[in-house]
Structures are given as structure tokens and as C-alpha cells.
Amino acid sequence: MPAPTAPRTFRIAAIPADGVGVEVVAAGRAVLDALSAASGGAFAFEWTEFPWGCGFFEKTGRMMDEDGLEVLRDFDAIYFGAVGWPTVPDHVSLWGLRLAICQGYDQWANVRPVRFHPGVVSPLRKADHTELDWVVVRENSEGEYAGFGGRNLAGRGPGNEVGLQTALFTEKGCERIMRFAFDLARGRARKKVSSVTKSNAQQHGMVLWDEVFARVARDYPDVETESVLVDAMSAKFVLRPEELSVVVASNLHADILSDLGSALAGSLGLAASANLNPERRFPSMFEPVHGSAPDIAGQGIANPVGAIGSAALMLDHLGLPDEAERLREAIDATTGAGVLTRDVGGTATTDDVVAAVIEHLDLQRVTHSLRGVSVG
């Protein structure tokens with residue numbers, strides 16, 4: 001008999017951070033642990049939780065330990081909650097933790113699927129009768145969030161200070177995110193990449209973006225392409241979303257458009273994302289995009305679907321695509337059964353959704369087991 005396969009143990013760094021991030025990371029961990037427990041020992045998760053975030057900042061003056069990036073380097077992935085709290089300026093909290101990890105680990109590809117779940121009412125009337133499913137690919141290392149610029153001339157007195165924020169576009173940065181988008185499109189039902197630009201007004205960086213897109217597109221003759229101004233693309237998200245498959249955009253444009261897409265799907269609480277270092281030189285990070293939501297933090301009513309969907313993206317990255325698809329199916333079964341938090345019109349708690357997702361994972365396991373049983 002062949003020797004039994006040793007279980008795969010994945011070392012995951014959990015950073016719940018602030019607000020509802022604590023609740024949704026706990027929810028995602030519970031679902032992932034249930035999935036591994038039902039795997040028959042095929043895989044397991046070894047969790048290490050870090051207390052970084054705004055509370056940590058108030059105690060130490062830092063959003064994370066000084067050697068935080070070195071500590072995280074040996075993990076297989078990072079599972080992140082949400083960052084931000086009213087007592088800490090947003091630019092301090094964001095740059096001190098989330099962006100420090102994204103940029104420090106060159107997580108240059110941010111993937112944000114726009115998924116329309118059964119049972120969730122979309123504000124788009126078209127979603128009632130049209131199958132909609134697209135993904136936003138965000139350049140995650142440069143563009144408008146490169147951090148170049150500064151403030152000066154404060155000595156001139158009140159009202160005379162100057163602030164400069166410089167967007168950075170490099171040929172390498174544009175090309176690698178565009179090739180990532182084209183490769184992703186080749187695996188989808190509709191092989192199409194839509195590039196988002198604003199080159200009519202931004203005649204340097206975004207013209208470079210357009211030129212690189214045209215050049216890269218020639219290497220993918222099997223993929224349909226279009227280049228759309230960001231304002232027109234905003235309208236297209238609402239009026240003709242059925243034409244979308246993979247949307248590739250700069251850091252700022254994709255950030256805004258992906259939030260619009262999630263709102264059109266029903267709620268930012270549904271939105272999952274992956275911050276990838278595709279070369280795997282560093283760990284990648286997976287997080288919902290809904291923010292820390294201080295107004296509902298600690299009440300047990302946060303929507304965990306975005307965090308659980310991010311866990312599915314993490315499973316894909318870890319080489320467990322079948323388990324990732326099972327998890328997505330369990331999410332859809334849960335929303336389809338009407339187990340919805342209040343942001344999508346329901347009354348379920350965070351724990352209710354977690355329990356329902358785990359229950360549907362168990363039902364899938366039983367169904368798959370019965371397929372091999374002969375009856376009669």
C-alpha cells in the first residue's frame with residue numbers, strides 16, 4: 001500500500017487590527033478550521049495572531065512592531081481584518097500597517113472579484129435577469145498611492161502651505177499588472193480585458209499606461225480588449241456591466257471602481273480581495289475591503305462574507321482550488337437560504353452566517369460522500 005500523504009500545514013499570520021476586523025477575521029478562521037477539520041487530515045492551518053493596529057499604536061506609537069515585516073516573512077499567507085479608528089488619523093493607520101505590508105512585500109497585484117450572490121438584492125435592475133461576474137485587477141504598488149510628494153512653504157503663514165502628491169507610473173509596473181490581467185482573462189468564460197485610463201487629462205503617466213497596454217495586448221491575440229476613460233467606466237459599471245470580465249486599472253482608479261462594483265453587488269460587506277506577490281518572494285495578504293466600521297464594531301452584526309470570500313482567495317493561492325470553490329458554493333448557499341446580515345437586508349448575526357456557511361460545507365461533504373455509495 002502507498003504510504004499515507006503527510007498533511008499540509010499552512011502557517012497563517014492573522015492580523016485582525018481594528019473594529020469589525022476582529023470579528024470577521026475570527027469568523028473566517030472558524031470557517032477555515034472547519035474546512036480543514038473535514039479534510040480528513042489532508043491540510044491544516046497553524047495560526048499566529050498579531051495585536052497590531054490602532055490600539056497598538058495608542059500604546060506604542062507604532063501601528064506594528066518595528067521588525068514586523070521580518071516577523072511576517074516566513075508565513076505562507078497573511079489574513080487581515082481592517083485598519084482604522086477615529087482616534088488615529090487615517091493616513092497614519094493606513095501607511096503604518098496595511099500599506100507598509102503591501103509595499104514592503106511588493107504585493108503588486110490586488111484582485112477584487114465582483115460577485116453577485118443569490119438572495120442578495122442588488123440596486124442594479126439588470127442583475128435580476130442578467131448573469132454578472134467580473135473582477136477588478138488593481139495595480140497595487142505605485143500609481144497615485146506611491147507616497148511620492150510632500151508639504152512645504154508652511155513658513156509663509158496660514159493658507160499658504162503647498163501639498164504635492166505625485167503619481168508614479170513605471171513601464172515595468174504597468175506591464176506586469178497588465179500581463180497578470182491578461183493571464184487571468186484567459187482562464188475566464190469571456191476572455192476580455194478592459195483597461196481604465198484618464199490619458200486625455202493625465203498626459204504623461206496615463207499615456208504611458210495606454211502605450212504599455214497596447215503593446216502587451218499584441219501578445220494576447222486571443223483576448224478581447226478595450227480602453228475606457230475612468231469616468232466612462234464608472235457609467236459602464238452601472239449601465240453595461242454584462243460587457244465586463246477583467247478590468248485592469250491604476251491604484252486609485254481600481255480602488256474606487258472596485259468599491260462601486262461591490263456596492264452594486266449589494267454591499268461592501270460582500271467584497272473580498274487578495275494582495276498578491278505573484279513571484280512568491282514574500283507572503284501575500286488577503287482581506288475584506290469594507291473597512292473597520294467603528295459604528296457597528298463589537299455588536300456581532302458585521303457581515304463576514306467579504307472575509308470568508310477572502311479566505312477562499314487565500315485557498316486558491318495556497319494550491320487548494322477545489323476547497324476554495326467549495327467555500328464559495330457554501331457562501332452562495334448561505335445567502336440563497338436567506339441568512340443575511342442587516343447591511344444586505346437581513347437580520348442574521350455574524351455568528352449566524354458563520355454557522356450557516358459551515359453547515360453548508362458539511363452538507364457538501366455528505367453529498368460528495370454519498371455519490372460513491374451504491375443503494376439497493
Side-chain angles (χ1 to χ4, degrees), residues 2 4-15 24-49 75-81 107 109-118 133 135 183-184 187-189 270-278 280 283-289 303-337 339 350-351 353-373:
T5 303
R8 302 170 64 187
T9 299
F10 299 101
R11 298 184 64 235
I12 310 298
I15 308 176
V24 299
V25 164
R29 286 180 59 171
V31 171
L32 286 172
D33 286 341
L35 190 63
S36 69
S39 72
F43 63 93
F45 299 101
E46 179 184 304
W47 297 95
T48 302
E49 186 166 306
F75 285 89
D76 295 305
I78 302 164
Y79 193 42
F80 193 86
Q107 294 170 347
N110 179 246
V111 179
R112 295 188 174 186
V114 179
R115 290 179 61 90
F116 290 74
H117 299 277
D133 175 26
V135 59
D183 290 337
L184 182 62
R188 292 176 59 85
L270 304 169
S273 79
N275 301 287
L276 302 176
N277 174 249
R280 298 179 184 262
S284 295
M285 182 165 66
F286 303 84
E287 59 170 333
V289 304
N303 191 339
V305 167
I308 298 172
S310 300
L313 292 171
M314 184 165 69
L315 292 172
D316 281 324
H317 181 72
L318 295 173
L320 300 171
D322 292 341
E323 288 75 10
E325 189 56 33
R326 282 185 60 203
L327 189 47
R328 294 186 186 99
E329 291 173 0
I331 292 171
D332 284 346
T334 296
T335 60
V339 184
T350 307
D351 289 344
V353 176
V354 171
V357 170
I358 292 174
E359 179 184 357
H360 285 104
L361 285 171
D362 288 340
L363 289 173
Q364 287 177 347
R365 180 169 55 85
V366 171
T367 302
H368 291 164
S369 298
L370 289 176
R371 286 175 183 168
V373 176

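Below, all heavy atoms of this structure are taken into account, side chains as well, without hydrogens, waters or symmetry copies.
Annotation for Asp33 and Trp47: closest pair OD1-NE1, 2.9 Å, computed over non-hydrogen atoms. Here the closest non-hydrogen pair linking Leu318 and Arg8 is O-NH2, 3.1 Å. When all heavy atoms of Asn277 and Ser284 are compared, the closest pair comes out as N-OG, 3.0 Å. Closest approach of Glu49 to Arg29, counting heavy atoms only: OE1-NH1, 2.9 Å. Between Thr350 and Ala27, the shortest heavy-atom distance links the atoms CG2-CB, 4.2 Å. Taking all atoms of both residues into account, the shortest heavy-atom contact from Pro288 to Val24 is CG-CG2, 4.2 Å.
Rounded to the nearest 0.5 angstrom, Asn275 CG and Glu287 CD are separated by 5.0 Å. Between the CD1 atom of Ile331 and the CG atom of Leu361 there is a distance of 9.0 Å, given to the nearest 0.5 Å. Expressed to the nearest 0.5 Å, how far CD1 of Ile12 lies from CZ of Phe45 amounts to 6.0 Å. Rounded to the nearest 0.5 angstrom, Thr335 OG1 and Asn303 CG are separated by 10.0 Å.
Between the side chain of Asn110 and the backbone N or O of Ala274, at least one donor-acceptor pair lies under 3.5 Å. Of the possible donor and acceptor atoms, none in the side chain of Tyr79 sits under 3.5 Å from a partner among the backbone N and O of Ser310. Not one N or O on the side chain of Ser36 forms a donor-acceptor pair closer than 3.5 Å with the backbone of Ala44.
A side-chain contact (heavy atoms from CB on, under 4.5 Å) with Val357 is found for one member of Asp332, Val305, Ile308 and no other, namely Ile308.
Between Leu315 and Leu32 the shortest side-chain heavy-atom distance falls below 4.5 Å. Counting only heavy atoms from C-beta outward, the side chains of Leu35 and Phe43 approach each other to under 4.5 Å.
Shown here are the side chain to side chain contact (heavy atoms under 4.5 Å, CB included) partners of Ala30, two or more places apart in sequence or in another chain: Val354. Residues that satisfy the side-chain hydrogen bond (donor to acceptor under 3.5 Å, both in side chains) test with Glu359, not counting sequence neighbours, are absent from this structure.
Between Arg328 and Glu325 there is a salt bridge, with a side-chain nitrogen of the basic residue lying less than 4.0 Å from a carboxylate oxygen of the acidic one.
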Q: Decide yes or no on side chain to side chain contact (heavy atoms under 4.5 Å, CB included) for Asp362 and Ile358, but give the supporting numbers first.
A: CA-CA 6 Å; Asp362 288 340; Ile358 292 174; 4.0 Å; yes
